[in-house]
Protein chains: 2
Amino acid sequence: MATRARSATIKDVAAAAGVGIATVSRAFSGAGSVSASTRERVLAAARELDYRPSALGRGLKLRRSGGIGLIVPDVTDPFCAELVAGVLACARTLGEHVIVDAAHGDPAREAEIVDRLVEQRVDGVIAMPAGRDADWRAAARVCSSVVFADRVLPGLPEIPAVLADDAGGVRSLVEYLVGLGHRRIGFLGAAPPAPSATATAAASAAAPPGGPPGPPPGVRERAFRDTLAQLRVPVEEDLIVAARPAGDAAYAAAAGLLQRRADVTAVLAAGHLLGEAAVLVARGLDLRVPADVSIAMVDDVAWAELCDPPLTAVARPARDIGYRACELLLRDRARRGPARPVLLPTELVVRGSCGPLRTARAPGRGTARHA
Amino acid sequence: MATRARSATIKDVAAAAGVGIATVSRAFSGAGSVSASTRERVLAAARELDYRPSALGRGLKLRRSGGIGLIVPDVTDPFCAELVAGVLACARTLGEHVIVDAAHGDPAREAEIVDRLVEQRVDGVIAMPAGRDADWRAAARVCSSVVFADRVLPGLPEIPAVLADDAGGVRSLVEYLVGLGHRRIGFLGAAPPAPSATATAAASAAAPPGGPPGPPPGVRERAFRDTLAQLRVPVEEDLIVAARPAGDAAYAAAAGLLQRRADVTAVLAAGHLLGEAAVLVARGLDLRVPADVSIAMVDDVAWAELCDPPLTAVARPARDIGYRACELLLRDRARRGPARPVLLPTELVVRGSCGPLRTARAPGRGTARHA
DNA sequence: ATGAAAGCGCTAACAC
DNA sequence: GTGTTAGCGCTTTCAT
């Protein structure tokens, strides 16, 4: 029926329905007033022509696209994916679409994405920022609005943010472990991704590839130290290691820790990638969990439950973070203020990977790599 | 410096540089010809004004937005997430942005998303379709182009698609299991999501909520039966169960199978959600893997390696599927033809969850739910 | 090499 | 209640 020419425009519909284009516009947008009969004619004509209002035309007029941008380090990471889902859920209720992209921890790439987003005239952008305060400062100037999710940039306190209460999460985990009797607890933390390049946005093509996700370094470790101190447990520098939260590096760090200090009785991994490494290393070293070592981590991802034994973890509300960030971006844009970051509570999910302190690790175990 | 008025337009730049707007356009797009000195002046003025060309204006003129739509059942599902990553990677190289949304297996929601995408005038859409041939037939008419990824709709063979060779994957798994000596292999398949509502796109607000992901039912099961038959192993209907690949339903199905037939020696789960259920049930029943039952699944997700023992699985190239689908959509739009679906190879990843056939399950094991 | 002008499809005044 | 009109910011002939 319909000739395959080009999609119908508001003008076509107007002609077909024998009305002016403004009437068509009104009939569709609901604004203004149209008589019921006219509206019906218009809608019928539109249906007949397979008419879809062009968001391009509308956007041009309104100077906004009706979409938001979402930048995460990696859509494949379970935490990020959950956060994305939260944003999608909220955006949907607000009638906005979401342009998603992954920066893979590369500040240059991130800046590039922001650029594209600005060109698209998104109504705002939500980001788990990778780095370079300067870039984001510039972005915030030119973007309608920006909100950070799960992480902040130290140099940009004025940008609204939605965060998990990481410190609280780590604290509860440490308290739990110490309550179990552990005193020598290893901390597997995330190393800061890049050597803090605070250079201004130079057009240099040098793209320092940062690692994957990489949670905000610092706050977790600080919480670990503080809680220990508060509990009168000595803090041993030797037990605190930082690694890039990537497969190999994390594995190496975990292995180093567990072999160097055969006397650790528990390991707290500050992220699921680190936790994975800890589990794998323990298995490789033939350490029984939790008999020989207790293991716990931050981020309650799916596999934590499938592990044997299931892993105790701090659940961070990734989906809620995304949802709230989107809300903050779109709904609460009214009350603009340098409000401090929204902190969402975490929850300690106790499973079977942490046990009460035993006297000593079985002799011979964990001192050498096992076949 | 820059007054916070409204973002600069091409006109502003033209004025600032003392040239016509066409020149500015040319300077930015690279098309046409501009003298080096003029281009420099233009670029300088643009930088000064923080000018970003509006994709809205360009899109309106060009009748395309420079973005594509991507519809998946659930961004949180590891397979989907990987597929999304593939699409993003390809889109990036082609300079397109990606509007992502999740349909959660609900055909109505999916149709709604397509509608929005059409309004946005996306250059094409990639989808893991949930259902309703009619909706997609309509979508294909009005969309610039559509490519299916990972699944197809039986009624729409003319829509290009990129699929994993599921049949091949299952076949290799069955051959492997049979080679190990197994004869009574349970098959945990995915039940078709909805009662096949082939109703035309009615505006009825009734939204039948389909389940999560849900792989294409049928081909995996058929491959299972065929391979068994080919290998001269009797096919027992009793060992083939279908479940919605959601937590509870899958768990129930797996439990039912394992308890009803205490003599199964291996279970093949046709998806990672089903595999998860199998692992959990086996653990609940106190069955040792692989001593009492061997377990294997389709989809090599992250936790397969963390399981104890690590799970043998068929890896399906989710990322490649996404990448190829995007390529097909954007690059190969020239050679349009009812070419048959692109099939990407799978790979059998052998780990420790499948063992040679033992004589019998230890007495008492697996006959009742264990604490 | 560059400028003027005509829209792309839409919304929002403003007339009637 | 409905039509007319003036742009929104851009690309693209077509002149020059």
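By convention in this document, chain letters (A, B, ...) are assigned in the order of the sequence lines, proteins followed by strands, and residues within each chain are numbered from 1.
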To the nearest Å, how far apart are B:L56 CG and C:dG7 P? 21 Å

Could you tell me how far apart A:E119 (CD) and D:dC10 (P) are, to the nearest whole angstrom? 9 Å

Toward the 5' end of DNA chain C, which comes first, B:R39 or A:Y51, by nearest nucleotide? B:R39

Counting N and O atoms only, with roles assigned by atom type, does the side chain of A:R52 sit under 3.5 Å from a partner on the main chain of B:V118, one being a donor and the other an acceptor? no

Separation between CD1 of B:I21 and NZ of B:K11, rounded to the nearest 0.5 Å: 7.0 Å

Report which part of the nucleic acid B:F28 touches: base, sugar-phosphate, or nothing (heavy-atom distance under 4.0 Å, all strands). nothing

Measuring to OP1 and OP2 of D:dA6, would you say a side-chain N or O of A:K61 lies under 4.0 angstrom away? no

B:S25 side chain N/O closer than 4.0 Å to the phosphate oxygens (OP1, OP2) of D:dT11? yes

So does B:S29 get a side-chain nitrogen or oxygen closer than 4.0 Å to the phosphate oxygens (OP1/OP2) of D:dT11? no

How many whole angstroms separate atom CD1 of A:I10 from atom P of C:dG7? 18 Å

Rounded to whole Å, please give me the gap between CZ in A:R41 and P in D:dG1. 15 Å

For the pair A:E112 and B:R92, find out whether any cationic side-chain nitrogen is under 4.0 Å from an anionic carboxylate oxygen. yes

Short side-chain N/O contact from A:T23 to OP1 or OP2 of D:dG3, under 4.0 Å: yes

Salt-bridge contact A:R109-A:D106 (side-chain N to carboxylate O under 4.0 Å): no

Does the pair B:E96/B:R64 count as a salt bridge with the N-to-O cut at 4.0 Å? yes

Per A:P53 side chain, nearest of listed nucleotides C:dC8, D:dC8, C:dC10: C:dC10

Using a heavy-atom cut-off of under 4.0 Å over every strand shown, decide if B:G20 touches base, sugar-phosphate, or nothing. sugar-phosphate

Comparing B:V34 and A:A22 on DNA chain C - which has the more 5′ nearest nucleotide: B:V34

B:R63 CZ to D:dC10 P: how many Å, rounded? 18 Å

What's the closest nucleotide to the B:R58 side chain, out of D:dT12, C:dT2, D:dC10? D:dC10

Could one point to a donor on the side chain of A:R26 or the base of D:dG3 with an acceptor on the other under 3.5 Å away? yes

When you measure from the side-chain N and O atoms of B:K11 to the phosphate of D:dC10, is any distance below 4.0 Å, counting only OP1 and OP2? no

Here the gap from B:D101 atom CG to B:I113 atom CD1, rounded to the nearest 0.5 Å, amounts to 4.0 Å

Rounded interatomic separation in angstrom, taking CZ from A:R121 and C1' from D:dC10: 11 Å

CG of B:L62 versus P of D:dG9: gap in Å, rounded? 17 Å

Does A:S35 have a side-chain nitrogen or oxygen under 4.0 Å from the phosphate oxygens OP1 or OP2 of D:dT2? yes

From the options D:dT4, D:dC8, C:dA1, select the nucleotide whose nearest atom is closest to the side chain of A:I21. D:dT4

The side chain of B:S33 lies closest to which of these nucleotides: C:dT2, D:dT12, D:dG9? C:dT2

A:L60 side chain: which of D:dG9, D:dC10, D:dT2 is closest? D:dG9

